[in-house]
Amino acid sequence: MGFWGAGLAKYRWVCNRPGLVLSNRWNLLHRQDLGIYDQPRYQEGGTALRFVDATCITDDARVPVLFAPIDPVPSYSNFHVRRAPFMQALDALLAAHPGAIGAPP
């Protein structure tokens, strides 16, 4: 599992394992560049990648971020995750790829 950004890019490009992406709702609904993590144009032979359903994410701009940009940026918003649908998505990923998660390449 990886968050959006450099951490997810490293996971995908170095480890190339099936995964579930967890990010804030704004990113899941509005970012136009999410394809860099799983499209063949950007990653040769990429493994399966799923994005958590945005309906189980609630952004919360009231929670302080780790750094303070001059203007609030929606893509940096902290968020809350509804546990049940997230766990269902994770279970589905694991069921679809038995032995692939954590197995050596």
Side-chain angles (χ1 to χ4, degrees):
M1 177 176 70
F3 291 97
W4 160 84
L8 177 58
K10 289 174 188 170
Y11 164 78
R12 294 298 295 166
W13 295 329
V14 175
C15 300
N16 192 22
R17 292 306 213 200
L20 178 64
V21 177
L22 175 65
S23 189
N24 72 25
R25 184 178 175 92
W26 191 93
N27 283 336
L28 293 170
L29 294 175
H30 300 288
R31 289 203 65 92
Q32 300 299 313
D33 61 351
L34 291 178
I36 67 171
Y37 302 112
D38 66 344
Q39 292 179 358
R41 175 179 177 192
Y42 302 103
Q43 183 181 18
E44 183 178 342
T47 59
L49 182 66
R50 298 174 188 217
F51 291 84
V52 72
D53 188 332
T55 61
C56 74
I57 305 293
T58 303
D59 290 352
D60 189 349
R62 298 171 300 159
V63 177
V65 295
L66 294 176
F67 65 96
I70 295 171
D71 294 318
V73 179
S75 67
Y76 297 161
S77 176
N78 282 304
F79 55 93
H80 301 278
V81 180
R82 289 182 37 230
R83 188 177 191 278
F86 172 75
M87 293 306 294
Q88 288 173 345
L90 184 57
D91 287 344
L93 175 72
L94 294 172
H97 304 282
I101 309 298

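In what follows, residues are counted from 1 in the order of the sequence shown.
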Between the side chain of [X] and the main-chain N/O of [Y], is any donor-acceptor distance below 3.5 Å?
X: R82; Y: T55; value: yes
X: D59; Y: R25; value: yes
X: D38; Y: G46; value: no
X: E44; Y: Y42; value: no

Spell out, yes or no, whether F79 and F51 are grouped together once hydrophobic residues are joined by side-chain heavy atoms under 4.5 Å, including indirect joins.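 Yes, one cluster joins them.
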Can I57 be reached from F86 by stepping across I, L, V, M, F, W or Y side chains whose heavy atoms are under 4.5 Å apart?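 Cluster IDs for F86 and I57 match.
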For the residue pair [X] and [Y], what are the closest heavy atoms and their distance?
X: D60; Y: S77; answer: N-OG, 3.5 Å
X: L22; Y: V81; answer: CD1-CG2, 3.7 Å
X: L93; Y: P18; answer: CD1-CB, 4.3 Å
X: N27; Y: N24; answer: N-OD1, 2.7 Å
X: A54; Y: L29; answer: CB-CD2, 3.8 Å
X: L20; Y: V52; answer: CD1-N, 3.9 Å

Quick one: are Y37 and V21 in side-chain contact, heavy atoms under 4.5 Å?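 Sidechains of V21 and Y37: no contact.
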What pairs with R41 under side chain to side chain donor-acceptor pair (under 3.5 Å), at least two apart in sequence or on another chain?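 Residues passing side chain to side chain donor-acceptor pair (under 3.5 Å) with R41: none at all.
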Applying ring pair (Phe, Tyr, Trp, His ring centres under 6.0 Å), name anything that partners H80, two or more places apart in sequence or on another chain.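 None.
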Any chance you could measure H30, atom NE2, to S75, atom OG, to the nearest 0.5 Å?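 That separation rounds to 11.0 Å.
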